[in-house]
Amino acid sequence: MKDTDIKRLLYAHLLCIFSIILSIFIPSFFLENFSILETHLTWLCICSVFVTAVNLVLYLVVKPNASSKRSSLSYKVTRFLKCCIYFLMSCFFFHVIFVLYGAPLIELVLETFLFAVILSTFTTVPCLCLLGPNIKAWLRVFSRNGVTSIWENSLQITTISSFIGTWLGAFPIPLDWERPWQVWPISCTLGATFGYVAGLVISPLWIYWNRKQLTYKNK
């Protein structure tokens, strides 16, 4: 494992973190009274767009899974459409999961769905960029000893940390503190965001620390 590969991973993750920071500060120059809490739904949409755009750019520039075969235009279009369908399916899937775990069924539907969108942005979008619409590859990466590169290793960590952050973010909601950030789903989205950022920071450091022990199988 080359240190240059780990540096590329670190720089890519720093750009992802920077995209979240930009989603907090840039809209405030164009939108009145913009803030994460006061205009939370607007921020969710903007953050999702920023993070998705950076992931797509990084995939096109870094090309961690570059194929030696040239793909036709029709193949690329079909792949893009499949990725869009997978992303929408992920959003609806998370929405259903949230409702099953206690989110309002009829009230706050938009809030719940946008929460599903931001969580899909943190988890599904990187999977689609790195692995494409390939369920078998997803199952391989998230199985034990299934990763074949540091990019897939980092994908494991960031995805799991996003889920853990979401789960931890739900704890303050039932507490009687009457804080504005306890309103559904603000604390959960903040937890997911912090979890995603933590995963982006931890994964390159963990990989660098364990680089001598890590071995990857050929695809």
Step by step, work out the side chain to side chain contact (heavy atoms under 4.5 Å, CB included) result for Phe94 and Thr123.
-> CA-CA 11 Å; Phe94 285 139; Thr123 58; 3.7 Å; yes
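- Nearest approach of Leu58 to Ala12, heavy atoms of both residues: CD1-O, 3.4 Å.
- Cluster membership check: Phe98 shares its hydrophobic cluster with Leu41, using side-chain heavy-atom separations under 4.5 Å among Ile, Leu, Val, Met, Phe, Trp and Tyr.
- Using a 4.5 Å heavy-atom threshold, the side chains of Thr121 and Tyr196 count as separate.
- The structure places CH2 of Trp151 at 13.0 Å from CG of Leu131, a figure rounded to the nearest 0.5 Å.
- Here CG of Asn153 is found 10.5 Å from CD1 of Ile6. Values are rounded to the nearest 0.5 Å.
- Applying the side chain to side chain donor-acceptor pair (under 3.5 Å) test to every pair with at least one member in residues 15-28, sequence neighbours left out, gives these pairs: Ser23-Trp43.
- Residues Phe115 and Cys188 approach most closely at CZ-CB, 3.4 Å, considering heavy atoms.
- Taking OG1 of Thr4 as the reference point, atom OH of Tyr11 lies at 10.5 Å (rounded to 0.5 Å).
- Taking both residues in full, the closest heavy atoms of Tyr86 and Thr124 are given as O-CG2, 4.4 Å, listed atom of the first, atom of the second, then distance.
- Between His13 and Val201 the shortest side-chain heavy-atom distance does not fall below 4.5 Å.
- The cluster map of Ile, Leu, Val, Met, Phe, Trp and Tyr, joined by side-chain heavy atoms under 4.5 Å apart, puts Phe18 and Ile20 in the same cluster.
- Here the OG1-CD distance, from Thr189 to Glu111, works out to 11.0 Å after rounding to the nearest 0.5 Å.
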Quick one: do Ile97 and Tyr101 satisfy side chain to side chain contact (heavy atoms under 4.5 Å, CB included)? Show the steps, please.
-> CA-CA 6 Å; Ile97 293 297; Tyr101 271 87; 3.8 Å; yes
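- Formation of a donor-acceptor pair under 3.5 Å by the Ser161 side chain with backbone atoms of Ile157 is found in this model.
- Taking 4.5 Å as the limit, every side-chain heavy atom of Ser120 sits out of range of all side-chain heavy atoms of Phe93.
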Check step by step if side chain to side chain contact (heavy atoms under 4.5 Å, CB included) holds for Thr39 and Asn33.
-> CA-CA 8 Å; Thr39 54; Asn33 302 321; 5.5 Å; no
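- Residues Thr166 and Leu119 meet the side-chain proximity criterion, which asks for heavy atoms closer than 4.5 Å.
- Put simply, Ile135 and Val147 are part of the same group of oily side chains (I, L, V, M, F, W, Y) that touch within less than 4.5 Å, one to the next.
- Atom CG in Leu88 sits 11.5 Å away from atom SG in Cys83 (nearest 0.5 Å).
- Between Ser203 and Ser154, the side chains place no donor N or O within less than 3.5 Å of an acceptor N or O (distance only, hydrogens not considered).
- Ser187 places no side-chain N or O within donor-acceptor distance of the main-chain N or O of Gln182, the cut-off being under 3.5 Å.
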Does the pair Thr112 and His95 meet the rule for a side chain to side chain contact (heavy atoms under 4.5 Å, CB included), with working shown?
-> CA-CA 6 Å; Thr112 303; His95 184 99; 3.6 Å; yes
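- Remark: Phe194 CZ is loosely packed, at most 12 non-hydrogen atoms of other residues, nucleotides or ligands lying under 6.0 Å away.
- Pairing each heavy atom of Pro27 with each of Leu22, the nearest pair is CD-O, 3.4 Å.
- Residues Thr148 and Arg140 share a closest heavy-atom pair of CG2-NH1, 3.4 Å.
- Under the 4.5 Å side-chain contact rule for hydrophobic residues, Leu175 and Phe171 do not share a cluster.
- Taking the side chain as every heavy atom from C-beta outward, Leu31 and Ile46 approach each other to under 4.5 Å.
- Counting all heavy atoms, side chain and backbone alike, Gly199 lies closest to Pro204 at O-CD, 4.4 Å.
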Step by step, work out the ring-ring contact (aromatic ring centres under 6.0 Å, His included) result for Phe92 and Phe113.
-> CA-CA 7 Å; Phe92 285 114; Phe113 183 74; 5.4 Å; yes
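- Under the 4.5 Å side-chain heavy-atom criterion for grouping Ile, Leu, Val, Met, Phe, Trp and Tyr, Tyr59 is not connected to Val61 through any hydrophobic cluster.
- No donor-acceptor distance shorter than 3.5 angstrom exists from the side chain of Thr159 to the backbone of Gln156, with no hydrogens or angles considered.
- Between the Thr158 side chain and the Leu155 main chain, a donor and an acceptor come within less than 3.5 Å of each other.
- With rounding to the nearest 0.5 angstrom, the OG1 atom of Thr193 is 7.5 Å from the CD1 atom of Ile36.
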